[in-house]
Amino acid sequence: MYTTELKDKNQKSAAVSLADEDPEKLAAFEARVAADDFIEPKDWMPEAYRKTLVRQISQHAHSEIVGMLPEGNWITRAPNLRRKAILLAKVQDEGGHGLYLYAAAETLGTSREEMIEALHSGKAKYSTIFNYPTLTWADIGAIGWLVDGAAIMNQVPLQRTSYGPYARAMVRICKEESFHQRQGYEIMCVLAAGTPEQKRMAQDALDRWWWPSLMMFGPPDDKSPNTAQSVRWRIKRETNDELRQRFVDVTVPQAEAIGLRVPDPALHWNEARGSYDFGDIDWEEFYAVVRGEGPVARERTQARVKAWEDGAWVREAAAAHASKRAMKMAAE
Amino acid sequence: MNANWPLWEVFVRAKNGLAHKHAGSVHAADARMAIEAARDVYTRRMEGVSLWVVPSSAIVASDPKETTDLFAPAEDKVYRHPTFYTIPGGVKNI
């Protein structure tokens, strides 16, 4: 899974705080990054770099964790044992991905508690894609194929992002992610080759998930003011529009191969560019979902808060057990 | 009760004969729980046969500011590498 880079309300512009940095240290830092050296936790870094990373990595982690919800919705209703085992494993992977990323963000001096609190209070963002509901089993296929497919497109370049712990987390995540995409596409293949009702279900899922998947890459480059700085610092290695285009180019033939139609009348192959031209994205919808107006945004946050509150006694019991044992050992 | 569990660094031995290698970190109330969390988080695909968990607070790291003092002196000691030495052509097994 992946998150688009979304701004917090209180975010200062990077340019302002850069003026406060020691110019010599800043120059040395920028030279290292430009030479593709990795930055490690104890190295000096500009405050704006640290803040951008904390925001991006924690949003990414939150997206993995919230991303467990739409799919978890179908674990008990998977059509057979094979699909159920696969879906369980996938959802467990997403939890793991969230944990790798939280750990990477913690190396920047922000605590797990702060991040979880920011998610629960609605201060922190997560990917807009998870605020859409999973209405049918075909949605599980569409999520694996499209949502994880878009995630892979985004995450592969992040394996070489300039912050070492983030890059290492991404290497692990990418290794696990390709299973996610393939299992989803396989679900779509089976449905598309099934009864007319099954094929309709697959087409309906593609119709509903196509545009939100394209939105996952974030606002267009000319509306993404942080992109230039993030590319310069090698936090991001490619722009939103470049990645989105690549996703369209690889995904359209996959839809055609199983007889599904991409829901975009403007879509056509542009011989001169060697790419697909595609229709305008409804950015109003995107920004509405970012503002928390997604169809199931409230449900998602409530489910996270409930899980956290319901687990409180477990956390307390584990801590009590640990301190009791420590006392016993000290007494021996 | 402070439910803010300490951080543990996780090291995984991929197979016997190899050293444990740093894989990442987990939060856990105690060592046993850290082992179990590390198992779930870092070895879901047979990545290892053995785990170490170490309280992160127990790790002492060198300071990046010392990097030059600590590691640069090795740069001018190229004679520590076998390729520094010239051997007559035709001489074998050395």
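Convention: sequence-line order gives letters A, B, ...; per-chain numbering from 1.
- In this structure, a donor-acceptor pair under 3.5 Å is absent between the side chains of Tyr102(A) and His27(B).
- Chain B forms the most heavy-atom pairs under 4.5 Å with one residue out of His321(A), Arg168(A), Gln92(A), and that residue is Gln92(A).
- Side-chain contact annotation: Trp145(A) with Gln183(A), donor-acceptor N/O pair under 3.5 Å absent.
- Both the backbone and the side chain of Ala61(B) come within contact range of chain A, each with at least one heavy atom under 4.5 Å from a heavy atom of that chain.
- Of the atoms belonging to Arg32(B), not a single heavy atom falls under 4.5 Å from chain A.
- Because its NZ or CZ atom is not both nearer than 6.0 Å to the ring centre of Trp52(B) and within 45° of the ring axis, Arg13(B) does not count as a cation-pi partner of that residue.
- Contact count versus chain B (heavy atoms, under 4.5 Å) is highest, among Glu106(A), Arg112(A), Lys175(A), Glu176(A), for Glu176(A).
- Ion pair Arg234(A)/Asp37(A) not flagged as a salt bridge, since none of the NZ, NE, NH1 or NH2 atoms sits closer than 4.0 Å to an Asp/Glu carboxylate oxygen.
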